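Contents: one structure, followed by commentary.
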Amino acid sequence: MSTLSNPATLDPAATPDARPVLLAVRNLGKRFGGLQAVSDVSLELRAGIVTTLIGPNGAGKTTLFNLITGHLTPTSGDVLYQGRSILGRQPWQIAREGVGRTFQDLRLFSRMTVEENILTAMEHSAWLWQPGGRAAARERADKVARILDATHLAPLAQSRAIDLAYAERKFLSVARLIASHAKIWLLDEPASGLDPRSYDRFVALLRAQVAGGVTVCIIEHNLDVVSNVSDRVAFLDQGRLLAEGTPRDVLDDPRLASIYFGETA
Ligand SMILES: Nc1ncnc2c1ncn2[C@@H]1O[C@H](COP(=O)(O)OP(=O)(O)OP(=O)(O)O)[C@@H](O)[C@H]1O
Ligand SMILES: [Mg+2]
């Protein structure tokens, strides 16, 4: 297994399954009392591609994200980022190392403006309240302007997050990820509830970011979205990883389809 310590070594021509591994979970397990929410899951997220996690409600998808980002402690197994274990670190430490995420409930600073939400997500050295002279301030402002443009939020820069429409709040959560310079994005149902125009914008934004070197793992329920955006697909059911492969491998498997749609085969 090759691991990625330097994203600059990424070969854009490499097929998705030949890319270096940026983040790997090894035999990961999480028990909540009597419920085994995640069970012996091993999965590799390869650099510069989109891996999608699918599975029925309650399959353990969000729990898997929580285990990776330090919001939950695994009962067993390990999480390797750039080849090193990140087990036991705090969520903020893992985020600072470049593992970014969004939440199903978005978790923005609702009373802050769009611009302030972006500034607070920027790397430590660019914090709003940190001195740095005029050049640093100008650089920060330029960066915020670019992020606002990329996420179609420029006209709303001074609006409070709480006053945004749902799709705009979703774009703001992605804007914060761009600002944070996360190397890997874990997105929990980012496309759900988007109107068609916002959805198209989201896909275009995602593709541009992936082309720029960002690695993505998405939890997604809509199978049209899954086949549209994924390079690899992983299927979870009752905490177990049942399959991992190309979108066609996974989506065309009748056994998985019957589990996904709750039908008897
Ligand atoms: N903090 C917790 N305490 C107890 N049980 C939990 C906790 N978090 C999740 N669970 C349970 O673990 C299982 C997996 O939940 P999880 O949220 O990971 O599923 P999911 O695949 O993200 O589902 P959905 O598609 O509905 O978002 C569920 O049965 C859920 O009720
Ligand atoms: Mg979930």
Side-chain angles (χ1 to χ4, degrees), residues 7-8 10-17 19 22-23 45-54 61 65 98-108 113-115 117-119 121-122 141-159 161 164-234 246-248 250-251:
L10 198 58
D11 172 9
T15 57
D17 55 350
R19 300 290 189 113
L22 182 58
L23 191 145
L45 302 181
R46 293 179 181 275
I49 65 164
V50 179
T51 303
T52 308
L53 269 183
I54 64 172
K61 305 180 295 295
F65 274 12
V99 181
R101 74 175 291 184
T102 62
F103 292 86
Q104 268 173 294
D105 60 5
L106 300 179
R107 303 194 191 180
L108 303 166
T113 66
V114 165
E115 187 178 72
N117 265 277
I118 293 172
L119 280 164
M122 280 187 178
D142 287 349
K143 188 174 162 192
V144 171
R146 281 197 302 275
I147 295 170
L148 286 166
D149 278 343
T151 52
H152 311 282
L153 291 170
L156 298 164
Q158 302 311 322
S159 302
L164 299 182
Y166 182 67
E168 292 158 355
R169 275 188 279 143
K170 287 204 134 176
F171 275 99
L172 181 53
S173 66
V174 174
R176 286 173 49 80
L177 277 182
I178 299 173
S180 75
H181 283 299
K183 291 191 182 75
I184 182 164
W185 293 5
L186 307 179
L187 307 176
D188 202 342
E189 303 194 24
S192 70
L194 292 184
D195 57 274
R197 187 175 76 143
S198 300
Y199 172 71
D200 288 344
R201 286 177 161 184
F202 168 71
V203 172
L205 175 58
L206 191 70
R207 292 217 168 103
Q209 290 293 318
V210 172
V214 170
T215 301
V216 177
C217 183
I218 297 187
I219 294 172
E220 179 55 55
H221 277 287
N222 182 324
L223 297 185
D224 289 335
V225 177
V226 175
S227 53
N228 190 15
V229 303
S230 314
D231 296 297
R232 304 288 293 179
V233 177
T246 67
R248 287 274 66 84
V250 177
L251 298 177

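No hydrogens, no waters, no symmetry mates; every other heavy atom, side chains included, goes into these values. Residues take their numbers from the sequence shown, with the count starting at 1. Everything numeric in this text was worked out from a predicted model, so none of it was measured.
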[X] versus [Y]: any side-chain heavy-atom pair under 4.5 Å?
| X | Y | answer |
| --- | --- | --- |
| T51 | R46 | no |
| L23 | K183 | no |
| P247 | V226 | no |
| V214 | I178 | no |
| V216 | Q209 | no |
| I218 | L206 | yes |
| T52 | V250 | no |
| R176 | R107 | no |

**Q.** Intermediate values then yes/no, side-chain contact (heavy atoms from CB on, under 4.5 Å), T151 and L172
**A.** CA-CA 7 Å; T151 52; L172 181 53; over 6 Å; no
How long is the straight-line distance from [atom2] of [Y] back to [atom1] of [X], given to the nearest 0.5 Å?
| X | Y | atom1 | atom2 | value |
| --- | --- | --- | --- | --- |
| L22 | I184 | CG | CD1 | 4.5 Å |
| R201 | K170 | CZ | NZ | 16.0 Å |
| L45 | T215 | CG | OG1 | 8.5 Å |

### Task
With sequence neighbours left out, write down each residue that passes salt bridge (charged side-chain N to carboxylate O under 4.0 Å, His left out) with R146, or none if nothing qualifies.
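Checked R146 against salt bridge (charged side-chain N to carboxylate O under 4.0 Å, His left out); zero matches.
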Hits for salt bridge (charged side-chain N to carboxylate O under 4.0 Å, His left out) against R197, two or more places apart or cross-chain, chain-then-number order -> none
Side chain of [X], backbone of [Y]: donor and acceptor closer than 3.5 Å?
| X | Y | answer |
| --- | --- | --- |
| K61 | E220 | no |
| R19 | A47 | yes |
| S180 | M122 | no |
| S227 | D224 | yes |

Under a plain distance cut-off of 3.5 Å, with no hydrogens placed, do N228 and Y199 share a side-chain donor-acceptor pair?
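Result is yes, a qualifying pair exists.
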* Asked: When you look at V174 and W185, which way does the side-chain contact (heavy atoms from CB on, under 4.5 Å) test go after all the steps?
  -> CA-CA 9 Å; V174 174; W185 293 5; 3.7 Å; yes
The criterion is side chain to side chain contact (heavy atoms under 4.5 Å, CB included); which residues satisfy it with [X], sequence neighbours excluded?
| X | value |
| --- | --- |
| D17 | T15, R232 |
| T102 | S173, L177, L187 |
| A167 | L194, D195, S198 |

| query | Which atoms form the tightest heavy-atom contact between L223 and I54, and what is the distance? | reply |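 What the structure gives for the nearest pair is CD2-CD1, 4.2 Å.
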Quiz item: What pair of heavy atoms forms the shortest contact from F171 to F202, and how long is it?
Solution: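 Minimum heavy-atom contact is CZ-N, 3.6 Å.
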Run the numbers on L53 and C217 for side-chain contact (heavy atoms from CB on, under 4.5 Å), then give the verdict. CA-CA 7 Å; L53 269 183; C217 183; 4.1 Å; yes
Quiz item: F65: what forms a ring pair (Phe, Tyr, Trp, His ring centres under 6.0 Å) with it, not counting sequence neighbours?
Solution: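 F65 satisfies ring pair (Phe, Tyr, Trp, His ring centres under 6.0 Å) with no residue once adjacent residues are dropped.
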